[in-house]
Chemist: 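For reference, the structure I am asking about is given below.
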Amino acid sequence: MNDPGVIRASDAEREAVVERLRVASVEGRLTLGELTERTEAAYTAVTQAELAVITSDLPADGRSQGPAPAYAPDPAPQGGRARRWFVAVMGDSKRRGKWRIDQGLGAVAVMGDVVLDLREAEVRTGVVDIVAAAVMGDVKIIVPDGVDVDLEGIAIMGDKKVQVLEAPPGMNVPVIRVKAYAVMGDVRVIGDSKAKPVKKAWAAWREQWRELRGELMGEPQRPLPPPGPHQHLDPHWHSGPQQHLDPHWPADPQQHLDPHWPADPQQRSGPHRPDPTQGPYPPQPPGY
């Protein structure tokens, strides 16, 4: 039997994995950022083993392995469905972190700011539909790089722009559809590369994926930083309390104050260097 680690994946198998990811997202198992990340990994997978790793923590669904249909707008709900609105009038309205998107969104900024961060949201619809209006204000929509952004609308003495690293054409990726109305204001859709990064937990599938890709490409594997409250910020973290702030902190305590302090104790006295045996202060004149 052939080893799946060396069997190359087909286009149909990649599309089947992408469809499984989309279904997992609709079921609330993946955030929009995770969906985008894994979708990109599926399209760049070379072997069947790499595809298996991407869905290793998702339930099997028994779907056929044929190509999956592309994303399409959700059908209009019966009787209409209210849009979820975020409004800022001479103030701020922000939505970040974990939240659910199962309906259309609306953002209105009147001399204020509205920020919608979709990266950690659970997207229960195939297409995220947003209506954004900025009147002497700003609406900023943050999405993971790799999604497909469709921005349309009108800007009068204002701007509407997309600053997202979108996926190459032909990929079945999440779609963000924005209809913008800007009057002396801005409506912007920006990606990870233009926003403050989101702290991501290191998932087991990423480590397995990394190892498989390294073996396939013949790349050396760099060790992950050891666990610790500070080591994740500085890989050169030292054990000494002062070295946490300065990796070049000298071991000699006297050198903490004077970087030119000689290592030889005999050389530490002189006209410009106090004798360490005389204490921290120079001798005082008689009668002082």
Side-chain angles (χ1 to χ4, degrees), residues 25-37 71 73-167 173-201 232-233:
S25 174
V26 173
E27 294 174 345
R29 303 181 191 275
L30 299 175
T31 66
L32 180 62
E34 292 170 336
L35 172 62
T36 305
E37 180 185 32
Y71 278 105
D74 292 337
Q78 296 294 329
R81 180 169 53 183
R83 189 178 295 271
R84 184 177 181 182
W85 289 93
F86 299 86
V87 180
V89 179
M90 301 181 67
D92 298 331
S93 177
K94 301 180 180 180
R95 191 63 177 90
R96 303 178 185 271
K98 300 284 187 180
W99 57 302
R100 179 184 298 182
I101 299 177
D102 54 6
Q103 61 191 105
L105 302 178
V108 177
V110 180
M111 301 178 65
D113 299 318
V114 175
V115 177
L116 301 180
D117 192 339
L118 311 185
R119 292 173 292 179
E120 295 184 281
E122 295 179 0
V123 178
R124 304 299 181 92
T125 59
V127 176
V128 180
D129 180 67
I130 303 175
V131 173
V135 180
M136 301 178 66
D138 297 316
V139 174
K140 181 167 65 174
I141 303 168
I142 307 175
V143 300
D145 286 318
V147 300
D148 184 10
V149 179
D150 181 10
L151 176 62
E152 61 179 11
I154 301 174
I156 301 175
M157 299 180 66
D159 294 316
K160 59 181 181 67
K161 63 179 66 174
V162 176
Q163 296 175 297
V164 179
L165 300 177
E166 299 187 41
V173 297
V175 176
I176 311 297
R177 182 167 297 147
V178 181
K179 183 173 291 186
Y181 304 93
V183 180
M184 301 178 66
D186 298 326
V187 175
R188 295 186 299 154
V189 184
I190 65 175
D192 279 322
S193 56
K194 300 293 183 179
K196 183 179 179 180
V198 174
K199 185 177 180 181
K200 299 179 180 179
H232 70 282
L233 298 178

Chemist: Between Val162, Val131, Leu151, which is the residue that forms a side-chain contact (heavy atoms from CB on, under 4.5 Å) with Val178?
Modeler: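 Only match with Val178 under side-chain contact (heavy atoms from CB on, under 4.5 Å): Leu151.
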Chemist: Please find the pair of heavy atoms, one from Gly158 and one from Asp186, that lie closest to each other, and give the distance.
Modeler: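 The answer is C-OD1, 4.2 Å.
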Chemist: Just to verify, what does Asp113 make a side chain to side chain contact (heavy atoms under 4.5 Å, CB included) with, not counting sequence neighbours?
Modeler: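 With neighbours one apart ignored, the set is Asp92, Asp138.
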Chemist: With side-chain contact (heavy atoms from CB on, under 4.5 Å) as the test, would you mind laying out the steps for Val108 and Val114 before giving the verdict?
Modeler: CA-CA 7 Å; Val108 177; Val114 175; over 6 Å; no
Chemist: Can you spot which of Glu122, Arg124, Arg84 makes a side-chain contact (heavy atoms from CB on, under 4.5 Å) with Asp102?
Modeler: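 Single side-chain contact (heavy atoms from CB on, under 4.5 Å) partner of Asp102 among Glu122, Arg124, Arg84: Arg124.
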Chemist: Among Leu116, Val198, Asp117, which residue meets the side-chain contact (heavy atoms from CB on, under 4.5 Å) test with Ile142?
Modeler: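 Among Leu116, Val198, Asp117, the one that satisfies the side-chain contact (heavy atoms from CB on, under 4.5 Å) with Ile142 is Asp117.
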Chemist: Side chains of Pro144 and Leu32, heavy atoms from C-beta outward: is any pair under 4.5 Å?
Modeler: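 Yes, close enough: below the 4.5 Å cut-off.
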Chemist: Below 4.5 Å, heavy atoms only, C-beta onward: do Val189 and Ile130 meet side chain to side chain?
Modeler: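 They are not in contact (no side-chain heavy atoms under 4.5 Å apart), so the answer is no.
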Chemist: Give, for atom CG of Leu165 and atom CD1 of Ile190, the distance between the pair rounded to the nearest 0.5 Å.
Modeler: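 CD1 of Ile190 is found 11.5 Å from CG of Leu165.
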Chemist: Would you please name every residue forming a side chain to side chain contact (heavy atoms under 4.5 Å, CB included) with Val183, sequence neighbours left out?
Modeler: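 Residues passing side chain to side chain contact (heavy atoms under 4.5 Å, CB included) with Val183: none at all.
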Chemist: Would you say CZ of Arg119 has more than 12 non-hydrogen atoms from neighbouring residues, nucleotides or ligands within 6.0 angstrom?
Modeler: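 Result for CZ/Arg119: enclosed.
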Chemist: Determine the sole option in Val143, Ile176, Val149, Val173 for which the side-chain contact (heavy atoms from CB on, under 4.5 Å) test with Glu166 is passed.
Modeler: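 Option passing the side-chain contact (heavy atoms from CB on, under 4.5 Å) with Glu166: Val149.
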Chemist: What heavy-atom pair brings Ala133 and Val139 nearest, and what distance separates the two atoms?
Modeler: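 Closest heavy-atom pair between Ala133 and Val139: O-CG2, 3.7 Å.
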Chemist: For residues Val187 and Ala180, report the shortest heavy-atom separation together with the two atoms involved.
Modeler: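 Shortest heavy-atom separation between Val187 and Ala180 comes out as CG1-CB, 3.7 Å.
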Chemist: Tell me which one of Arg177, Lys179, Arg83 satisfies side chain to side chain donor-acceptor pair (under 3.5 Å) with Asp129.
Modeler: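 Exactly one candidate clears the test, Arg83.
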Chemist: Side chains of Ile156 and Tyr181, heavy atoms from C-beta outward: is any pair under 4.5 Å?
Modeler: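 Side chain of Ile156 against side chain of Tyr181, heavy atoms only: no contact under 4.5 Å found.
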Chemist: Restricting to non-hydrogen atoms, name the atom on Lys160 and the atom on Gly153 that form the minimum distance, rounded to 0.1 Å.
Modeler: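 Residues Lys160 and Gly153, closest heavy atoms: CE-O, 3.2 Å.
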Chemist: Where is the tightest heavy-atom contact between Val87 and Ser93, given as atom of each residue plus distance?
Modeler: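 Looking at all heavy atoms of both residues, the closest pair is O-CB, 3.7 Å.
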Chemist: If you compare all heavy atoms of Gly97 against all heavy atoms of Glu120, which two are closest, and at what distance to 0.1 Å?
Modeler: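 Gly97 and Glu120 have their closest heavy atoms at O-CB, 3.3 Å.
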